[in-house]
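Working notes, structure below.
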Amino acid sequence: MGILERIKEIEAEMARTQKNKATEYHLGQLKAKLAKLRTQLLEPPKGSSGAGEGFEVTKFGHGRVALIGFPSVGKSTLLTMLTGTHSEAASYEFTTLTCIPGIIHYNDTKIQLLDLPGIIEGASEGKGRGRQVIAVSKSSDIVLMVLDASKSEGHRQILTKELEAVGLRLNKRPPQIYFKKKKTGGISFNSTCSLTHVDEKLCYQILHEYKIHNAEVLFREDATVDDFIDVIEGNRKYMKCIYVYNKIDVIGIDDVDRLARQPNSVVISCNLKLNLDRLLAKMWEEMGLVRVYTKPQGQQPDFSDPVVLSTDRGGCSVEDFCNHIHRSLVKDVKYVLVWGISARHYPQHCGLQHNLQDEDVVQIVKKKEKEEGGRGRFKSHTTGPARISDREKKAPLKT
């Protein structure tokens with residue numbers, strides 16, 4: 001029996017199993033088996049050499065955004081509207097067959113937008129080049145899930161399920177669970193709060209399913225079985241996602257109002273060019289990019305070319321700012337002067353651990369080089385050896 005058949009068999013068994021106190025341990029074991037099989041499905045086949053067939057797109061700009069959705073929902077039209085890059089759009093499905101990149105120039109930054117081919121149900125199993133599409137979206141900073149406002153709400157659940165099947169967790173944060181494998185000592189289980197979804201016996205069964213018999217587990221929050229399995233797998237990626245509902249010009253105002261009030265959702269119309277500025281503002285807010293302007297000593301700040309930092313790409317501290325300019329700059333920094341939102345007064349003397357905010361102005365003060373041999377009247381001009389015994393003896397006088 002292949003991996004796909006085993007996955008379908010476990011899913012069918014989970015569907016027909018009632019959820020109650022007596023079956024929660026059995027369901028936990030089935031979920032662990034399912035996660036193991038899906039991880040095996042994503043691994044390349046044994047004996048294969050070289051890279052697989054994927055979309056070769058070089059990272060460019062200060063952030064990367066991927067467009068994901070079903071065919072014919074307006075992804076290519078949205079790319080053309082926002083970036084000016086031509087992406088072919090037609091009235092038939094699967095017009096886009098490869099990845100088409102474009103650049104959004106917004107708030108003095110460059111954001112790479114990727115138009116990916118439409119994915120279908122079963123994409124996580126490899127249907128319709130679904131694995132390549134999801135692999136590119138894993139490398140992006142944020143996902144824009146483009147949906148058709150005139151279609152049913154089930155499309156959103158299908159896409160979320162396909163992305164979660166390959167290890168993408170949308171709009172979630174990593175669970176507060178400490179897990180570490182050990183060589184000996186058995187399984188140590190502790191928690192700092194009361195647990196309602198899992199208990200020690202269930203965790204033991206899941207760890208035994210993974211053939212882990214020596215480990216340290218600490219729950220810092222009331223997490224679920226799925227969260228614990230994600231921590232054990234260790235290959236999950238937690239990403240932000242914006243649900244973009246296109247074609248709002250074909251539905252009523254009540255439906256538009258209902259969709260716009262959902263969390264992490266933006267309603268647009270590419271046909272009438274409605275609400276595109278709100279989409280860009282929401283994208284900027286979710287990406288959390290921080291623009292920092294440099295100020296040379298005794299001169300005006302340079303507001304033309306900011307240094308763009310982000311929490312996902314390195315961090316937003318003064319040390320990260322210095323590393324962004326040059327790796328060797330950190331050891332020469334004496335202190336920095338900061339003007340902006342993050343400063344309590346203007347200017348504020350800050351160290352390397354100070355966190356910068358958007359549109360801060362930074363002036364770096366470097367350490368002065370120490371002069372060797374003292375200063376002033378204490379300066380030694382001699383270049384001879386320090387010890388008398390090392391001095392060269394003068395030749396005897398000729399008589």
Side-chain angles (χ1 to χ4, degrees), residues 64-106 111-123 127-130 133-134 136-137 140 142-164 168 170-171 239-287:
R64 174 182 265 197
V65 180
L67 293 172
I68 282 186
F70 280 99
S72 295
V73 292
K75 297 187 297 297
S76 300
T77 310
L78 183 61
L79 177 87
T80 307
M81 292 274 185
L82 295 179
T83 65
T85 306
H86 177 68
S87 180
E88 187 178 352
S91 58
Y92 54 88
E93 294 186 347
F94 293 105
T95 313
T96 306
L97 298 175
T98 184
C99 180
I100 300 175
I103 302 297
I104 302 174
H105 296 272
Y106 188 73
I111 301 171
Q112 188 180 39
L113 187 65
L114 302 179
D115 179 21
L116 297 170
I119 61 177
I120 57 176
E121 193 171 358
K127 292 183 181 177
R129 301 196 76 182
V133 172
I134 294 171
V136 174
S137 63
S140 59
I142 191 173
V143 171
L144 290 187
M145 189 182 289
V146 185
L147 302 163
D148 193 339
S150 60
K151 299 285 179 66
S152 67
E153 192 67 22
H155 284 192
R156 175 169 163 175
Q157 277 78 27
I158 293 171
L159 286 173
T160 306
K161 183 182 175 184
E162 294 295 331
L163 294 176
E164 287 193 345
L168 274 176
L170 303 179
N171 295 325
M239 299 183 66
K240 293 180 180 177
C241 177
I242 300 174
Y243 303 101
V244 182
Y245 289 93
N246 190 21
K247 304 180 183 179
I248 59 169
D249 49 326
V250 298
I251 60 173
I253 190 66
D254 295 334
D255 295 329
V256 173
D257 185 60
R258 179 180 55 82
L259 293 174
R261 292 182 185 279
Q262 293 182 3
N264 303 308
S265 299
V266 178
V267 292
I268 63 166
S269 171
C270 291
N271 186 26
L272 300 179
K273 299 181 181 180
L274 295 176
N275 213 26
L276 295 179
D277 52 347
R278 173 63 189 144
L279 174 60
L280 288 173
K282 181 71 174 175
M283 193 192 311
W284 174 267
E285 178 188 340
E286 292 293 334
M287 292 184 76

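Given the structure is predicted, the values throughout are model-derived calculations rather than measurements.
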Checklist line | Atom pair CG (Asp148) and CD1 (Ile248), whose distance is rounded to the nearest 0.5 Å | finding: 12.0 Å
Note to self: Regarding Asp257 and Arg261, does a basic nitrogen lie under 4.0 Å from an acidic carboxylate oxygen?
What the structure shows: yes
Checklist line | Heavy-atom pair of closest approach, residues Gly102 and Thr85 | finding: CA-OG1, 3.6 Å
Next item on the list: Output yes when Lys75 and Asp115 qualify as a salt bridge under the 4.0 Å nitrogen-oxygen rule, no when they do not.
Entry: no
Check: Quick one: does Val250's side chain get under 4.5 Å of Asn271's, heavy atoms only?
Finding: no
Next item on the list: Look only at the side chain of Asn171 and the backbone of Cys241, and say whether a donor-acceptor pair between them is shorter than 3.5 Å.
Entry: yes
Notebook entry, point to check: Atom CD1 of Ile158 and atom CD of Glu162: how far apart are they, to the nearest 0.5 Å?
Noted result: 8.0 Å
Item checked: Non-hydrogen side-chain atoms of Arg156 and Tyr243 separated by less than 4.5 Å -> yes
Notebook entry, point to check: What's the spacing between Ile268 CD1 and Leu274 CG if we round to 0.5 Å?
Noted result: 9.5 Å
Margin query: Could you measure the distance from the CD atom of Gln262 to the OH atom of Tyr245? Nearest 0.5 Å is fine.
Written below: 4.5 Å
Note to self: Measuring from atom CD1 of Ile68 to atom CG of Leu168, what distance do you get when rounded to the nearest 0.5 angstrom?
What the structure shows: 7.0 Å
Margin query: Leu259 vs Glu153, test: side-chain contact (heavy atoms from CB on, under 4.5 Å). Steps then yes/no.
Written below: CA-CA 10 Å; Leu259 293 174; Glu153 192 67 22; 4.1 Å; yes
Next item on the list: Test Lys282 against every option in Ile242, Val244, Leu144 by the side chain to side chain contact (heavy atoms under 4.5 Å, CB included) rule and name the one that passes.
Entry: Ile242
Check: Quick one: does Ile104's side chain get under 4.5 Å of Val65's, heavy atoms only?
Finding: no
Next item on the list: Could you tell me whether the side chain of Val73 reaches within less than 4.5 Å of the side chain of Lys151, counting heavy atoms only?
Entry: no
Note to self: I'd like to check Lys240 versus Asn264 (side-chain heavy atoms, cut-off strictly below 4.5 Å). Are they in contact?
What the structure shows: no
Note to self: For a quick test of reading the model, state the closest non-hydrogen atom pair linking Asn246 to Cys270 and the distance between them.
What the structure shows: OD1-N, 3.2 Å
Check: Going from CG on Leu113 to CG on Leu82, what distance comes out if it is rounded to the nearest 0.5 angstrom?
Finding: 6.0 Å
Check: Considering all heavy atoms of both residues, which atom of Leu276 and which atom of Lys273 are nearest to each other, and what is their separation?
Finding: CD1-CA, 4.2 Å
Notebook entry, point to check: Angle class for the His155/Phe70 ring planes (parallel below 30°, perpendicular above 60°, tilted otherwise)?
Noted result: tilted
Margin query: Restricting to non-hydrogen atoms, name the atom on Ser150 and the atom on Ile251 that form the minimum distance, rounded to 0.1 Å.
Written below: CA-CG2, 3.9 Å
Note to self: Looking at every heavy atom in both Ile142 and Met239, which two are closest together, and how far apart are they?
What the structure shows: N-CE, 4.0 Å
Notebook entry, point to check: Val143 and Ser140: which non-hydrogen atoms are nearest, and at how many Å?
Noted result: CG2-OG, 4.2 Å
